[in-house]
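Taking it in order: structure first as structure tokens, then the write-up.
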2 protein chains.
Amino acid sequence: MKKPCNCPHTHPKQELSSLTTRLRREARKITGPRAAILEILHQHRHPLTNKEIHAELPKGECDLATIYRAMQMLEKLGMVKRFDFGDGVARFELVVEGDDGHHHHLICTQCAQVVEIGECFPAEIEHRIARQNGFRAVTHRLEFFGVCPDCQK
Amino acid sequence: MKKPCNCPHTHPKQELSSLTTRLRREARKITGPRAAILEILHQHRHPLTNKEIHAELPKGECDLATIYRAMQMLEKLGMVKRFDFGDGVARFELVVEGDDGHHHHLICTQCAQVVEIGECFPAEIEHRIARQNGFRAVTHRLEFFGVCPDCQK
DNA sequence: TTTTAATTGCAAATCATTTGCAATTAATTG
DNA sequence: CAATTAATTGCAAATGATTTGCAATTAAAA
Ligand SMILES: [Mn+2]
Ligand SMILES: [Mn+2]
Ligand SMILES: [Zn+2]
Ligand SMILES: [Zn+2]
């Protein structure tokens, strides 16, 4: 079980019901495992790994493979955003309807504490990079790493 | 075999001999596999995966596991930099002596073409992010993704 | 309630990466 | 140059995350 975090960041309130509505809209079944997964994601403000989600679920509630499949689908539907902290494990965060979920994190290299970051790579610079190389639809993946206050002691 | 690339970027000239010197300095043996790996890295300007390096080597020349071990060591010695394009495969690039190799790439999501990028995340913003969250020694991982000129046709 | 396509659990398969171990060898030493 | 030794290698097996085949289950539509 992941310990709760009291950081200022919170997911904009969105009823779980609106989440299931989004699923139904895509002709997807609202199953026990899916509702449970959305529930877990909904009560966490930092990205979770599939294994972490699985650990939060009541034992025997849902197979790990089912979670992997659910996250793939939710990602395709744009309901969750996949993040890569460079440790070879995917992490997911719920995305608010209408948003694309693009944002970044600051991760402690010692204890893996995560901080949600509001800043983004400057658009003007990104546009210049795209133009100079003739690329279209350019975006980026960006994560910060450092030593958190606790781990500095 | 990776097709050669004629992009303007080139590795600052550094004799292979200087590379082996760096190895020797660390009390490491200059073996056939290691020399071959450095040679391969030396003639490429974009990061290579272990499998790609292995494919470039004359068949039977060196085991894949040896390449994995060599890259781990070279990374620890700061002679190569590890990059993560988010596809679950590590890539490595030779690092010039005295440099830390920090830089970024623009990758085509269709054909995987790679462009070396000179820009970096603005230091002032990064410092602010570090300060505001009490983090020390903050750095970042950043890669750009888009559709290259060829793949737009 | 029946029908049916979507979903699930479970086990096996993939893939990148790591590791144990015995055989090999670069580098040092005399 | 030959002996000595710790580092290195090849090979096979182990790991860990993620995916997939398939038969059984089930949500949703009729
Ligand atoms: Mn986040
Ligand atoms: Mn590069
Ligand atoms: Zn951004
Ligand atoms: Zn940078």
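Lettering follows sequence order; numbering is per chain, from 1. All of these numbers come straight from a predicted model, not from anything done at the bench.
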Practice item. Quickly work out the L23(A) CG to dT7(C) C1' distance and round it to whole Å. Key: 12 Å

Review point. CD1 of I53(B) versus P of dA16(C): gap in Å, rounded?
Key: 14 Å

Point-to-point distance, once rounded to the nearest 0.5 Å, from [atom1] of [X] to [atom2] of [Y]:
{"X": "F144(B)", "Y": "I129(A)", "atom1": "CZ", "atom2": "CD1", "value": "4.0 Å"}
{"X": "H54(A)", "Y": "L48(A)", "atom1": "NE2", "atom2": "CG", "value": "14.0 Å"}
{"X": "L57(B)", "Y": "I53(B)", "atom1": "CG", "atom2": "CD1", "value": "8.5 Å"}

Check your understanding: Is F135(B) reachable from L142(A) through a run of hydrophobic residues whose side-chain heavy atoms are each under 4.5 Å from the next?
Key -> yes

Point to revise | Donor + acceptor pair across side chains of E116(A), H46(A) (<3.5 Å) | key: yes

Point to revise | Global bending angle along the helix from dT1(C)-dA30(D) to dG30(C)-dC1(D), which compares the axes of five pairs at either end, to 10 degrees | key: 30°

Report yes if the distance between the aromatic ring centroids of [X] and [Y] is under 6.0 Å, otherwise no.
{"X": "H102(B)", "Y": "H140(B)", "value": "yes"}
{"X": "F85(B)", "Y": "H105(B)", "value": "yes"}
{"X": "F92(B)", "Y": "H44(B)", "value": "no"}

Practice item. Kindly check if the number of other-residue, nucleotide or ligand heavy atoms within 6.0 Å of CZ (R128(B)) is above 12? Key: yes

Review point. Side-chain N or O of R34(A) less than 4.0 angstrom from OP1 or OP2 on dT8(C)?
Key: yes

Just the atom pairs and distances: protein N or O near nucleotides 18-24 of chain C's N or O, under 3.5 Å.
residue	atom	partner	partner atom	Å
dG20(C)	O6	R69(B)	NH1	3.2

Heteroatom pairs (N/O) under 3.5 angstrom, protein to nucleotides 28-30 of chain D:
residue	atom	partner	partner atom	Å
dA28(D)	OP1	R24(A)	NH1	3.4
dA28(D)	OP1	I30(A)	N	3.0

Review point. Which class fits the ring pair F121(A) and F121(B): parallel under 30°, tilted 30 to 60°, perpendicular over 60°?
Key: tilted

Check your understanding: Which part of the nucleic acid, if any, lies within reach of E26(B) when heavy atoms closer than 4.0 Å are counted: base, sugar-phosphate only, or nothing?
Key -> nothing

